[in-house]
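What you see is a predicted model; the values in this text were computed from it and never measured. Protein chains get the first letters and strands the later ones, always in sequence-line order, with residue 1 at the start of each.
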Number of protein chains: 2
Amino acid sequence: MKLNTKSRYAVMALADMSKFPLDSPVSLRDISLRQSISLLYLEQIFLKLKKNEIVKSVRGSNGGYVLRKDPKNIKLSEIFQAVDQKVKTVGCKKDSKKGCNGKSAKCITHELWDELDLYINNFFENKNLSDLLMTKERRN
Amino acid sequence: MKLNTKSRYAVMALADMSKFPLDSPVSLRDISLRQSISLLYLEQIFLKLKKNEIVKSVRGSNGGYVLRKDPKNIKLSEIFQAVDQKVKTVGCKKDSKKGCNGKSAKCITHELWDELDLYINNFFENKNLSDLLMTKERRN
DNA sequence: TATATACCCGACTAAAATAGTCAAGTATTA
DNA sequence: TAATACTTGACTATTTTAGTCGGGTATATA
């Protein structure tokens with residue numbers, strides 16, 4: 001049970017952006033250097049973040065990306081959804097042909113996994129970008 | 001972020017066992033049939049469960065596996081540990097050479113992932129095998 | 001207006017993890 | 001002694017992950 005780099009990098013990159021003036025574009029190149037994330041990979045990630053309206057892009061020289069909302073209004077759950085790494089711990093769908101179907105007693109643990117999904121989603125639902133910065137600042 | 005089949009099957013199989021008299025061995029063949037899990041794969045999983053003293057084996061004809069403890073004393077966290085699918089959402093260790101090291105401000109999200117791990121582990125720590133059965137029985 | 005910067009985007013790929021299978025056993029009971 | 005059932009290590013196909021590559025387009029500024 002582990003998180004993939006895409007979600008992790010997305011959060012890292014956005015947290016990084018949050019530390020700079022929110023109205024001026026931050027280039028992926030800078031993020032790449034500061035966070036040690038491949039530039040090409042970041043581009044892929046930001047394409048998704050853009051499509052999901054978490055950031056907007058400013059093209060051309062001195063361009064970059066800008067957050068579309070205040071960091072305290074960007075929930076981690078949004079970010080995860082954007083890079084489509086949905087928290088779905090198990091493949092067994094409500095109406096799958098094989099294996100677990102509602103009527104048989106087979107998938108006795110079905111409810112458990114649903115509950116787990118909700119539980120984890122709840123974590124991300126209650127955390128926003130500015131939460132991350134605060135804990136960091138408190139320490140320095 | 002998804003759970004692998006090994007952990008899932010382990011929980012399913014043990015939950016299945018819990019529904020039968022606790023002192024007589026349940027064969028993997030039966031579990032395999034009831035839960036639609038490959039017998040060979042189950043063998044692999046139960047080897048680990050046995051090594052970690054969650055079940056004990058009874059060899060020979062009419063043999064099978066027996067739970068070593070009462071289902072209400074078997075926490076899901078034990079099961080996960082046994083099939084060594086530790087909940088460690090991120091690879092970035094405290095003292096890794098590359099990437100995230102304590103002193104630099106790089107891994108700004110480090111604390112977040114630690115918190116997430118704790119959060120998820122907490123879920124498994126507070127659930128035991130008999131919890132699963134109860135929710136099921138309540139429905140029938 | 002040339003050039004450098006930076007986003008855009010689909011296709012591709014190496015490596016790792018997952019989800020099993022296989023073969024060749026050993027122990028026990030009926 | 002035959003059948004049942006656990007034992008164990010090695011092997012393998014498939015899928016997923018974590019990127020890279022190539023060839024763009026848009027914009028600012030010198």
- Task: Check whether the side chain of A/Gln44 and the base of D/dT20 form a donor-acceptor pair under 3.5 Å.
- Result: yes
- Query: D/dA18, D/dA28, C/dC7: which one has an atom nearest the side-chain heavy atoms of A/Asn62?
  - Reply: D/dA28
- Message: How many whole angstroms separate atom CG of A/Leu39 from atom C1' of C/dC7?
- Response: 10 Å
- Item | Euclidean distance, atom CG of residue A/Leu47 to atom C1' of D/dT20 [Å, nearest integer] | 15 Å
- Task: Write down the distance between CG (B/Leu40) and P (D/dC6), rounded to a whole number of angstrom.
- Result: 12 Å
- Determine the interplanar angle of the B/Tyr65 and B/Phe46 rings, folded into 0 to 90°, and report it as parallel if under 30°, tilted if 30 to 60°, perpendicular if over 60°. tilted
- Task: Report yes or no: is there a donor-acceptor pair, N or O only, under 3.5 Å between the side chain of B/Arg59 and the base of C/dT29?
- Result: no
- Message: If hydrophobic clusters are built by linking Ile, Leu, Val, Met, Phe, Trp and Tyr wherever their side-chain heavy atoms come under 4.5 Å apart, do B/Leu3 and B/Leu118 end up in the same one?
- Response: no
- Query: Of all the choices, C/dC7, D/dC6, D/dT16, which nucleotide is nearest to the side chain of B/Ser57 once you look at every atom?
  - Reply: D/dC6
- Query: How close or far is atom P of C/dA6 from atom CD of A/Glu43, stated in whole angstroms?
  - Reply: 11 Å
- Message: For B/Tyr119 and A/Phe123, take the angle between the two ring planes, folded into 0 to 90°, and tell me which bin it lands in: parallel under 30, tilted 30 to 60, perpendicular over 60.
- Response: tilted
- Task: Rounded to the nearest angstrom, tell me the gap between atom CD1 in B/Ile37 and atom C1' in C/dT21.
- Result: 16 Å
- Note on the structure: Of B/Ser61 and A/Thr5, the one whose closest nucleotide on DNA chain D sits nearer the 5' end is B/Ser61
- Item | Backbone N/O of B/Ile54 and side chain of B/Asn52: donor-acceptor pair under 3.5 Å | no
- Message: Just the rounded figure in Å: distance from P of C/dT5 to CD1 of A/Ile31.
- Response: 18 Å
- Message: What is the separation between atom CG on A/Leu28 and atom P on D/dT20, rounded to the nearest whole Å?
- Response: 14 Å
- Query: Taking only N and O in the side chain of A/Lys50, is any of them less than 4.0 Å away from OP1 or OP2 of C/dC8?
  - Reply: yes
- Message: Expressed as a whole number of angstroms, how long is the span from A/Leu3:CG to D/dA18:C1'?
- Response: 14 Å
- Query: What are the two closest non-hydrogen atoms of A/Pro71 and A/Asn128, and how far apart are they?
  - Reply: O-CB, 3.8 Å
- Short side-chain N/O contact from B/Tyr41 to OP1 or OP2 of C/dT18, under 4.0 Å: no
- Message: Taking only side-chain N and O atoms of A/Lys6, does any of them lie within less than 4.0 angstrom of OP1 or OP2 on D/dT17?
- Response: no
